[in-house]
Amino acid sequence: QTERITSQEDADELFERTRTILETMGLDVGHINVPVKLAHLPPTRGGYRTQGLTEKREIRSTMRGRRIGREIDRVLVQGGLPLVRMVQVMAHELAHCWVHMQGGDPQMSPVVEEGFCELVAYSVLAAWRAHQDTEPAVRSDIDAALREMERGDVSAYSIPFRAALAALKNRTLEDVAEHVRANALFPPRLA
């Protein structure tokens, strides 16, 4: 396994690199000005270890008390994750930011949102792997992460990810993102 990310400076650099990869794939996250912070994230009630969290808050009208928007405060990522896992988690959380900054359709099911976020993480890893400057050890770790996601036997995101991956077939990530943004659903499968 490659290095573990333990410094905030390294995390900031990786977060920016992840944003850049997403931009080249047509997912506009440049306007999302949100900091990443390494943190110790406690296990959830079910004992699952959360590795990333997008902290957001609703903005409400002072006159009518209705929701008028959302703000993303920050992205928290578990400190000490291996390099490839860190990028995977950061890409997933940036996708949550993108969904919420697009208006975060309240009709969007968690299956669609989580599946889309996992698809973004998968796409970032695949793009990073394809880059000619990627070191062999990192490429090996990326291959293992991609295989694990494709097998889908260890994650609560497995079923949502498979639906998202099927929607990606013969499409770009940008096409899937636009459909998800407009319809709060994955596009239908193409033959």
Side-chain angles (χ1 to χ4, degrees), residues 4-125 127-128 155-157 160-161 164 173-174 176-178 180-184:
R4 292 184 175 271
I5 305 304
T6 57
S7 82
Q8 186 61 51
E9 183 178 337
D10 289 345
D12 291 338
E13 183 180 314
L14 271 180
F15 199 59
E16 284 309 309
R17 193 169 358 158
T18 303
R19 290 163 78 100
T20 300
I21 293 170
L22 286 172
E23 292 285 333
T24 64
M25 298 169 71
L27 197 66
D28 182 13
V29 293
H31 66 286
I32 300 171
N33 188 18
V34 59
V36 64
K37 176 148 178 45
L38 291 182
H40 174 73
L41 300 172
T44 61
R45 286 186 203 163
Y48 175 74
R49 170 78 50 196
T50 300
Q51 295 182 335
L53 180 66
T54 299
E55 290 187 331
K56 53 193 170 286
R57 61 188 155 101
E58 304 285 326
I59 301 170
R60 300 202 172 266
S61 165
T62 55
M63 293 181 67
R64 297 193 178 156
R66 65 182 174 88
R67 191 187 96 179
I68 57 173
R70 291 185 177 146
E71 274 189 10
I72 306 293
D73 288 330
R74 63 185 174 172
V75 169
L76 300 176
V77 181
Q78 180 70 41
L81 294 176
L83 174 66
V84 171
R85 182 67 183 146
M86 181 70 74
V87 170
Q88 184 179 351
V89 171
M90 287 177 171
H92 179 103
E93 296 307 322
L94 272 169
H96 278 299
C97 293
W98 182 86
V99 166
H100 290 285
M101 297 308 280
Q102 300 301 313
D105 188 328
Q107 304 305 315
M108 186 182 296
S109 75
V111 169
V112 172
E113 184 169 347
E114 293 301 341
F116 175 72
C117 293
E118 279 295 278
L119 181 64
V120 168
Y122 179 89
S123 299
V124 164
L125 291 181
W128 187 20
S155 169
Y157 302 131
F161 171 67
L173 180 62
E174 186 176 11
V176 174
E178 180 54 32
V180 166
R181 185 199 60 74
N183 302 291

>> Given Ser123, which partner from the list Leu119, Leu125, Val120 fulfils the side-chain contact (heavy atoms from CB on, under 4.5 Å) test?
In response: Leu119
>> Tell me the closest heavy-atom pair linking Pro35 and Asp73, and the distance in Å.
In response: CD-O, 3.5 Å
> For Gln8, which residues count as a side-chain hydrogen bond (donor to acceptor under 3.5 Å, both in side chains) partner, sequence neighbours excluded?
Replying inline: Asp12
>> Main chain of Leu41, side chain of Gln78: is a donor-acceptor contact present, judged purely on distance under 3.5 Å?
In response: yes
> Do you know which two heavy atoms are closest between Thr54 and Cys97, and how far apart they sit?
Replying inline: CG2-SG, 3.7 Å
>> Taking side-chain hydrogen bond (donor to acceptor under 3.5 Å, both in side chains) as the definition, give me every residue that meets it alongside Arg74, ordered by chain and number, with sequence neighbours left out.
In response: Glu55
> At their closest point, which heavy atom of Glu174 faces which heavy atom of Gly26, and how far apart are they?
Replying inline: CG-O, 3.6 Å
>> Would His100 and His96 count as a side-chain hydrogen bond (donor to acceptor under 3.5 Å, both in side chains) here? Give the steps.
In response: CA-CA 6 Å; His100 290 285; His96 278 299; 4.7 Å; no
> If every non-hydrogen atom of Met90 is compared with every non-hydrogen atom of Val36, which pair is closest and at what distance?
Replying inline: CE-CG2, 4.1 Å
> Rounded to the nearest 0.5 Å, how far does CZ of Arg85 lie from CD1 of Ile5?
Replying inline: 13.5 Å
>> For a quick test of reading the model, state the closest non-hydrogen atom pair linking Ala121 to His92 and the distance between them.
In response: CB-N, 4.1 Å
> When rounded to the nearest 0.5 angstrom, what distance separates NE2 in His40 from OG1 in Thr50?
Replying inline: 10.5 Å
> Quick one: CZ on Arg19 to CG on Asn33, what's the gap to the nearest 0.5 Å?
Replying inline: 6.5 Å
> Excluding sequence neighbours, so at least two apart, what forms ring pair (Phe, Tyr, Trp, His ring centres under 6.0 Å) with Tyr122?
Replying inline: Phe161
> Of the non-hydrogen atoms in Ala95 and Phe116, which two are nearest, and what is the gap between them?
Replying inline: CB-CE2, 4.3 Å
>> Set out, in order, the CA-CA distance, both residues' side-chain angles and the distance that settles side chain to side chain contact (heavy atoms under 4.5 Å, CB included) for Leu14 and Leu83, then state yes or no.
In response: CA-CA 9 Å; Leu14 271 180; Leu83 174 66; 3.5 Å; yes
>> Using the side-chain contact (heavy atoms from CB on, under 4.5 Å) definition, which of the options Leu22, Val176, Leu94 pairs with Leu27?
In response: Leu22
> How far apart are the C-alpha atoms of Met86 and Thr18, what are their side-chain angles, what is the distance that settles it, and do they pass the side chain to side chain contact (heavy atoms under 4.5 Å, CB included) test?
Replying inline: CA-CA 10 Å; Met86 181 70 74; Thr18 303; over 6 Å; no
> From Asn183 CG over to Arg181 CZ, what is the distance, rounded to the nearest 0.5 angstrom?
Replying inline: 8.5 Å
> Backbone N or O of Val29 within a donor-acceptor pair of the Glu23 side chain at under 3.5 Å?
Replying inline: yes
